[in-house]
Amino acid sequence: MSDRLIFRFDVEGDDFTSAGQASVQVKKNLRQLGIDSETIRRVSIAMYEGEINMVIHAGGGVAEVAVCEDYIEIVLEDTGPGIKDIEQAMQAGYSTASDTVRSLGFGAGMGLPNMKKNSDSMTIDSTPGVGTRIVMKIMYGGKANEGV
Amino acid sequence: MKISEIVKMLDARVLCCEDKTDREVDSAFGCDLMSDVLAYVNDQAMLLTGLVNPQVIRTALMLDMVCIVFVRSKEPSKEMIELARENGIVMMSTNKTLYTSCGLLYSGGLIGTGEVCK
């Protein structure tokens with residue numbers, strides 16, 4: 001699609017103070033574009049969870065948000081340690097986060113399931129030792145998956 | 001319930017956006033775990049928490065929450081107050097505990113959000 005608008009962010013790793021800044025910016029940009037609030041809300045939650053994951057697990061990465069005609073696509077790519085068992089990582093409550101991350105209010109093992117819940121489709125490609133690529137699509141006015 | 005009523009009930013100190021305390025909140029969520037706030041809050045609720053870091057504000061922002069109450073006399077940093085002010089989120093601090101704060105608001109008619117957690 002030729003007229004897709006893309007926002008690109010470098011997400012710094014291990015900097016918990018600034019974690020989430022890209023998501024805040026995306027939300028502002030989408031508001032300015034006049035996207036409906038329910039779509040913005042789902043994009044915001046999905047991207048914020050993904051951004052926090054990149055900071056705490058992968059040492060940062062790159063986030064791209066493409067505003068397309070029928071949907072918004074979020075691509076999160078990192079060169080972190082990868083996910084060994086994606087099925088296990090998708091289970092609500094499963095987490096490998098450190099105690100430090102948990103003390104900051106995250107790492108409850110709800111991130112990936114919540115990203116799936118808020119998107120209409122989500123694919124995870126991950127190779128241990130190489131990195132992870134997550135693509136989420138959120139349709140305008142679409143209905144996200146019910147439950148976790 | 002109006003935010004100004006919440007301020008009174010909790011005997012709280014407003015930290016920013018005092019001019020927006022005439023806004024209404026429909027429900028509330030009390031939690032120190034932002035992962036769960038993101039997973040279970042599904043409407044424009046208010047957040048009560050004892051956790052103090054910038055992610056609290058960003059989490060509230062992502063969910064379109066309009067008000068944050070810090071319990072147990074927790075004080076956010078200047079940067080956090082500025083982030084909330086920029087985004088029009090009313091923040092306040094109360095010396096009451098999370099349990100007591102929630103109890104007072106609930107008995108005053110403010111319901112909880114995310115009632116059914118899977």
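Worth knowing before you read on, the calculation uses all heavy atoms, side chains too, and leaves out hydrogens, waters and symmetry mates. Keep in mind that this is a model prediction, so the values were computed, not measured.
The pair K74(B)-D32(B) fails the salt-bridge criterion, with no side-chain N (NZ, NE, NH1 or NH2) lying under 4.0 Å from an Asp/Glu carboxylate O.
Contacts of residues 54-65 of chain A with chain B at a heavy-atom distance below 4.5 Å are absent; not one residue qualifies.
Interface remark: L51(B) contributes side-chain atoms only to the contact with chain A (heavy atom separation under 4.5 Å). Interface residue L63(B): backbone and side-chain heavy atoms are both found under 4.5 Å from chain A. In this structure, the portion of I52(A) lying under 4.5 Å from any heavy atom of chain B is its side chain and not its backbone. Interface residue E49(A): only side-chain heavy atoms are found under 4.5 Å from chain B. T59(B) touches chain A through backbone and side chain together, each having a heavy atom under 4.5 Å away. Using a 4.5 Å cut-off between heavy atoms, Y48(A) touches chain B through its side chain atoms alone.
A donor-acceptor pair under 3.5 Å is formed between the side chain of K117(A) and the backbone N or O of A39(B). The backbone N or O of M136(A) lies less than 3.5 Å from no partner atom in the side chain of S119(A), so there is not a single donor-acceptor pair.
To the nearest 0.5 Å, atom CG of residue L105(B) and atom CD of residue E5(B) are 10.0 Å apart.
Around OH of Y99(B), the count of heavy atoms belonging to other residues, nucleotides or ligands within 6.0 Å does not exceed 12. For CD of E77(A), the number of neighbouring non-hydrogen atoms (other residues, nucleotides, ligands) closer than 6.0 Å is greater than 12.
Between chain A and the options V56(B), T49(B), L38(B), the largest number of non-hydrogen pairs under 4.5 Å is found for L38(B).
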Check: residues 26-34 of chain A side-chain donor-acceptor pairs under 3.5 Å, at least two apart:
from: K27(A); atom 1: NZ; to: L61(B); atom 2: O; distance (Å): 2.7
from: K27(A); atom 1: NZ; to: M62(B); atom 2: O; distance (Å): 3.0
from: K27(A); atom 1: NZ; to: D64(B); atom 2: OD1; distance (Å): 2.6
from: N29(A); atom 1: OD1; to: Q25(A); atom 2: NE2; distance (Å): 3.0
from: R31(A); atom 1: NH2; to: D64(B); atom 2: OD1; distance (Å): 3.2

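Side-chain contact between E79(B) and T17(A) is absent, with no heavy atoms from C-beta onward closer than 4.5 Å.
Screening I138(A), N118(A), I74(A), V24(A) for a side chain to side chain contact (heavy atoms under 4.5 Å, CB included) with M47(A), the sole residue that qualifies is I74(A).
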